[in-house]
Q: 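Following this message is one structure expressed as structure tokens.
The chains referred to below are lettered A, B, ... by the order of the sequence lines, with proteins before strands, and numbering in each begins at 1. Note that this is a predicted model, so its numbers are computed, not measured.
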There are 2 protein chains.
Amino acid sequence: MGATKTGLFSKKQNELAAMAKALAHPARIAILQVLVKTNACVCGSLVDELGLAQATISQHLKELKQVGLIQGTIEGTSVCYCINPKAWLQYKEFFAMFFKELPENKTCC
Amino acid sequence: MGATKTGLFSKKQNELAAMAKALAHPARIAILQVLVKTNACVCGSLVDELGLAQATISQHLKELKQVGLIQGTIEGTSVCYCINPKAWLQYKEFFAMFFKELPENKTCC
DNA sequence: AACATTAATCGTAATATTGCAATGAATAGA
DNA sequence: TCTATTCATTGCAATATTACGATTAATGTT
């Protein structure tokens with residue numbers, strides 16, 4: 001027990017859940033917002049911006065990288081992170097799609 | 001350690017993360033999809049639809065209820081669940097807002 | 001080469017989540 | 001009342017997540 005039973009659900013459902021999970025932490029939300037706002041890249045200054053330890057930030061960055069939402073390129077000793085525009089758009093569309101179909105006829109509850 | 005340091009982040013950031021967390025499980029995605037599709041309410045038939053135990057489904061329903069995404073009204077011995085249209089719309093708008101600002105000028109990475 | 005800086009990784013602890021059997025509470029029907 | 005049905009809750013085990021100090025790897029600087 002304890003592990004999510006992914007086998008019970010469709011690929012899409014697991015995918016959407018994984019996308020949501022990537023956003024399911026305020027630090028990752030904050031990181032993405034900083035990356036969007038600064039437009040250009042932000043390197044390790046995220047550690048200063050947010051109040052978390054370097055190891056913790058690095059871990060969150062890794063997760064965001066794993067789901068493809070951000071990219072990182074080495075720039076000397078530091079690493080330059082930025083939003084992956086393609087993935088960003090896909091996320092936007094996925095969530096829009098999911099919430100699109102509004103239950104109009106509220107016949108119950 | 002181990003607990004999310006919510007104090008470091010803004011209310012909005014924590015809110016969005018909480019919203020994402022509610023969607024961060026395929027079972028909850030599936031439940032919401034069933035509730036949207038059936039339009040009317042679905043009671044305990046969710047246990048048959050998805051392959052999870054009754055207690056597990058009940059727990060997921062509780063979480064969805066706690067974030068306001070669904071409502072449940074008692075109907076005899078069974079409970080009728082349905083989407084909360086207001087919250088649904090709010091979620092839609094929140095996520096759309098978050099993903100709205102696309103990084104146009106991709107000058108880096 | 002020696003040192004400093006930056007960031008990933010490792011190891012560990014604390015906490016949260018997932019899942020289910022068992023139990024409990026409430027109502028419907030006999 | 002007794003029983004069946006439906007769902008919430010409790011208690012527990014397994015797993016996942018969050019966080020950080022310490023270490024490591026890589027590069028830049030002197």
Q: For B/F94, enumerate each residue passing the ring pair (Phe, Tyr, Trp, His ring centres under 6.0 Å) test, keeping only those at least two apart in sequence or located in another chain.
A: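 B/F94 satisfies ring pair (Phe, Tyr, Trp, His ring centres under 6.0 Å) with no other residue.
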Q: Do any pairs count as a salt bridge (Lys or Arg N to Asp or Glu O under 4.0 Å) and have a residue in residues 16-32 of chain A, sequence neighbours left out, and if so which ones?
A: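 Sorted pair list: A/R28-A/E63.
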Q: Output all residues satisfying salt bridge (charged side-chain N to carboxylate O under 4.0 Å, His left out) with A/E15, sequence neighbours left out; order by chain, then residue number.
A: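 Here no residue qualifies.
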Q: Distances under 3.5 Å between protein N/O atoms and the N/O atoms of nucleotides 23-30 of chain C, please, pair by pair.
A:
none

Q: Just how large is the angle between the end axes of the helix from C/dA1-D/dT30 to C/dA30-D/dT1, five pairs per end, to 10 degrees?
A: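 Overall, the helix from C/dA1-D/dT30 to C/dA30-D/dT1 bends by 10° from one end axis to the other.
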Q: Once side chain to side chain donor-acceptor pair (under 3.5 Å) is applied, do any residues pair with B/S10, and if so which ones, sequence neighbours excluded?
A: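 Per chain and number, B/S10 pairs via side chain to side chain donor-acceptor pair (under 3.5 Å) with B/Q13.
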Q: Test of understanding: with side chain to side chain contact (heavy atoms under 4.5 Å, CB included), list the residues that count as partners of A/S58, not counting sequence neighbours.
A: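 Result, side chain to side chain contact (heavy atoms under 4.5 Å, CB included) vs A/S58: A/Q54.
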Q: Could you identify which residues of residues 3-15 of chain B place a heavy atom less than 4.0 Å from some atom of DNA chain D, listed by residue number, or say none?
A: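 Those residues whose heavy atoms fall under 4.0 Å from DNA chain D, taken from residues 3-15 of chain B in numerical order, are B/A3, B/T4, B/K5.
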Q: Check side chain to side chain donor-acceptor pair (under 3.5 Å) between A/T56 and all other residues, then give those that pass, not counting sequence neighbours.
A: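 For A/T56, no residue satisfies side chain to side chain donor-acceptor pair (under 3.5 Å) once neighbours in sequence are set aside.
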Q: Using chain A heavy atoms and a threshold of under 4.0 Å, write down where along DNA chain D the contacts begin and end, 5' to 3'.
A: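 From 5' to 3', the first and last contacting nucleotides are D/dA14 to D/dG28.
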Q: Would you say C/dA8 has OP1 or OP2 under 4.0 Å from some side-chain N or O of A/Y81?
A: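 So the side chain of A/Y81 is within the cut-off, an N or O lying under 4.0 Å from OP1 or OP2 of C/dA8.
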Q: For B/S58, answer base if it contacts any base atom (sugar-phosphate contacts may also be present), sugar-phosphate if it contacts only those atoms, and nothing otherwise; contact means non-hydrogen atoms under 4.0 Å.
A: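 Base contact - B/S58 has a heavy atom under 4.0 Å of at least one base atom.
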Q: Name the nucleic acid region contacted by A/A55, choosing base, sugar-phosphate or nothing; use a 4.0 angstrom heavy-atom cut-off, strictly under.
A: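 Base contact - A/A55 has a heavy atom under 4.0 Å of at least one base atom.
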Q: What pairs with A/A20 under side chain to side chain contact (heavy atoms under 4.5 Å, CB included), at least two apart in sequence or on another chain?
A: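 Expected list: A/F95, B/L23, B/A24.
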Q: Can you pull out every salt bridge (Lys or Arg N to Asp or Glu O under 4.0 Å) where at least one residue sits in residues 81-96 of chain B? Sequence neighbours excluded, please.
A: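 Output for this query is empty, none listed.
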Q: For the pair B/F98 and A/W88, name the ring-plane relationship: parallel under 30°, tilted 30 to 60°, perpendicular over 60°.
A: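 Because their plane-to-plane angle lies in the 30° to 60° range, the rings of B/F98 and A/W88 count as tilted.
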Q: Can you check the B/H60 NE2 to C/dA16 C1' distance for me, whole Å?
A: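 After rounding, the reported distance stands at 14 Å.
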